[in-house]
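Proteins come first, then strands; the chains are lettered A, B, ... in the order of their sequence lines, and each starts at number 1. Please read these numbers as outputs of a predicted model, since none were measured by experiment.
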Amino acid sequence: MPLRIYNTKSRNKEDFQPLNPPRVAMYVCGITAYDYCHLGHARASVVFDVIYRYLKFKGYEVRYVRNFTDIDDKIIRRAQERGQDWKQVAEFFIQAFLEDMRALGNLPPGDEPRATEFIAEMQAIIAKLVEKGIAYPAKGDVFYSVRKFPTYGELAQKNLEELEAGARVEVQEAKKDPLDFALWKAAKPGEPEWASPWGQGRPGWHIECSAMSTKLLGPSLDIHGGGRDLIFPHHENERAQSEGAYDKPFVKYWLHNGFVNLNADKMSKSTGNFLTIRDVLVQYPHEAIRYFLLSAHYRSPLDFNEGNMKEALAAVDRVYQTLQRLEECGPGRDGAGPESAWSSVEDFPAAFEDAMDDDFNSAQVLGVCFELVREINKFLDAGPSASHLEKYRAEVKNALARVGACLGLFAQPPQAYFEARRRFTLSQGALSEAEILQKIAERKEARRNKDFKMSDRIRDELAAQGILLEDKPDGTTTWKAK
RNA sequence: GGCCAGGUAGCCAAGUGGUAAGGCAGAGGUCUGCAAAACCUCUACACGGGGGUUCGAUUCCCCCCCUGGCCUCCA
């Protein structure tokens with residue numbers, strides 16, 4: 001089955017056929033570096049990380065570029081608030097973003113260019129547009145003349161009349177048409193500026209992506225992605241710029257991820273309705289966050305709340321619990337275990353690929369994973385022989401390697417996962433590990449004396465601290481993070 | 001107002017022209033001193049409303065309702 005991708009441009013799923021196979025040129029709009037990133041950014045980054053990984057898994061040579069906007073109004077404003085240089089502000093939040101990306105388990109893109117490194121390229125495109133009569137300078141600004149681009153609005157499925165009617169754009173006298181947008185902005189006192197054929201100034205927002213994508217990937221991209229909110233005007237404008245300048249189709253497949261909602265509303269910096277990635281990383285293991293972000297289809301809205309996150313954490317725990325059991329389980333008497341356990345693991349690769357081929361349906365993949373988890377448990381319940389056990393372990397490992405490679409989930413050794421969970425709990429709780437072990441020893445003593453009242457009390461006290469005791473069949477007791 | 005998404009069991013969430021994955025919760029069981037945890041099993045007359053097409057629609061078409069988004073910076 002071929003990979004099918006939903007293309008925002010056609011509003012349909014289409015077979016994926018790269019322009020120059022096996023190469024795939026993929027450009028994703030990154031962040032404006034003026035603040036810490038929130039979960040919405042996390043979703044976009046994880047979604048496109050998974051797409052990147054899966055394309056590579058399918059054998060494509062993917063060139064993945066994700067930019068940083070390091071010059072813009074908000075950065076300048078933030079710099080003024082902090083009494084810092086705009087460059088310092090941008091660099092600080094770029095580094096913070098990169099930390100967040102690592103923490104979330106995302107692979108780094110091949111290139112992460114900064115807009116200000118491409119001023120010359122932007123100016124070249126602007127000059128070309130001016131030369132072609134598509135853009136016009138006006139009092140030190142340069143505007144793109146939207147009506148000169150016949151298919152303007154096609155991506156967002158908007159026509160100019162509608163846009164005009166709904167326009168909330170401030171009237172700017174220099175603009176010939178209210179829908180025109182800035183390619184170059186004349187310098188204002190106290191703001192960063194660069195020399196240009198139109199005077200001192202700085203670039204408009206949209207032009208940077210046209211410049212960076214063209215320079216690094218060429219004038220025609222296979223995939224261009226970003227959040228749904230970028231469809232209009234950002235991506236519409238990029239299209240207008242690039243196609244206006246180069247007369248070539250800019251992008252073959254436009255991909256847009258859905259929002260993360262908080263309290264049922266879009267998470268957004270400007271409204272203050274957001275949680276930063278770091279806010280959430282101190283509360284939950286990164287893999288639970290990743291799981292949560294991939295538990296719905298990437299185009300669907302996703303509602304963040306404590307209940308959903310706890311479910312995600314429980315789900316990830318369940319998988320690792322089973323993987324740990326699989327690793328640690330000793331052989332039984334004999335037998336191969338149930339047939340369904342074998343077929344489940346054998347069918348897994350195809351089921352995985354079917355789901356991912358259908359517009360990167362990670363939620364379906366997770367469903368398939370849990371079916372496998374149940375079968376693994378059934379298999380272990382059956383007490384299979386050593387040779388069968390060994391073979392089964394290898395097959396499971398092989399099957400789940402896909403999920404690790406493409407979704408970045410379930411790839412840790414289970415012991416490491418639970419150890420990290422314990423450390424996490426220790427870092428948040430009042431008790432040290434030594435104290436917990438001391439309590440466990442006290443409880444063991446109480447149990448030996450059949451003082452169950454005491455032993456239960458110790459257990460309850462620990463439970464109140466988020467610490468779960470597990471009495472193993474061999475008489476030992478271990479603890480887990482709740 | 002225009003445009004775009006989406007409305008699936010208590011909650012989250014896949015999916016399909018021929019009566020619908022998975023997770024959480026719930027019930028029972030195994031285990032246990034008892035619990036917890038873990039595992040197994042089970043459960044739920046779930047497809048917003050109304051028309052239409054069809055032998056048959058939750059799945060296609062139309063209308064309506066509701067939610068969210070975009071139309072201004074935004075992943």
Nearest listed nucleotide, side chain of A:Q321, among B:C39, B:A75, B:A14: B:C39
Extract from the structure each pairing of a protein N or O with an N or O of nucleotides 4-6 of chain B at less than 3.5 Å, listing the distance.
residue : atom : partner : partner atom : Å
B:C4    : O2'  : A:R11   : NH1          : 3.3
B:A5    : O2'  : A:R228  : NH2          : 2.9

Mind checking who B:A13 pairs with, Watson-Crick or G-U wobble, both distances under 3.5 Å? none
Interface residues of residues 97-110 of chain A with RNA chain B (non-hydrogen, below 4.0 angstrom): none
Applying the Watson-Crick and G-U wobble criteria at under 3.5 Å, what pairs with B:G1? Answer none if nothing qualifies. B:C71
Complement of B:C39, any strand, by Watson-Crick or G-U distances under 3.5 angstrom: B:G29
Could you work out, with salt bridge (charged side-chain N to carboxylate O under 4.0 Å, His left out) as the rule, every residue matching A:K480, not counting sequence neighbours? A:E470
Give the rounded distance in Å between these two atoms: CG of A:L262 and P of B:A75. 16 Å
By side chain to side chain contact (heavy atoms under 4.5 Å, CB included) - contacts of A:P203 (at least two apart): A:I71, A:I119, A:M122, A:W184, A:W194, A:I207
Among residues two or more places apart or on two chains, list those pairs meeting salt bridge (Lys or Arg N to Asp or Glu O under 4.0 Å) that have a residue in residues 32-42 of chain A. A:D35-A:R78
Can you name the salt bridge (charged side-chain N to carboxylate O under 4.0 Å, His left out) partners of A:K158, sequence neighbours left out? none
Name the closest nucleotide to the A:R325 side chain, picking from B:C34, B:A75, B:C39. B:C39
Does the protein touch nucleotides 17-23 of chain B at the base, only the backbone, or not at all? Give it as B, S and - per nucleotide, heavy atoms under 4.0 Å. ----BSB
Does B:G33 have A:F452 stacked on its base, where the ring centres are within less than 5.5 Å and the planes differ by under 30°? yes
Would you check, one step at a time, whether the test salt bridge (Lys or Arg N to Asp or Glu O under 4.0 Å) holds for A:D73 with A:R202? CA-CA 10 Å; A:D73 291 345; A:R202 60 185 170 94; 2.5 Å; yes
Could you state the atom-to-atom distance from CG of A:L380 to P of B:C39 in whole Å? 11 Å
Which residues share a side-chain hydrogen bond (donor to acceptor under 3.5 Å, both in side chains) with A:D347, sequence neighbours left out: none
Can you list every ring pair (Phe, Tyr, Trp, His ring centres under 6.0 Å) pair that touches residues 458-482 of chain A, not counting sequence neighbours? none
Closest of B:C40, B:C34, B:C71 to the A:K378 side chain is B:C40
Contact residues, residues 230-241 of chain A to RNA chain B [heavy atom, < 4.0 Å]: A:L230, A:F232, A:P233
By salt bridge (charged side-chain N to carboxylate O under 4.0 Å, His left out), A:R423 pairs with (sequence neighbours left out) A:E419
Contacts under 3.5 angstrom, residues 306-315 of chain A side chains, donor-acceptor by atom type, not counting sequence neighbours:
residue : atom : partner : partner atom : Å
A:E306  : OE2  : A:K310  : NZ           : 2.8
A:N308  : ND2  : A:D303  : O            : 2.7

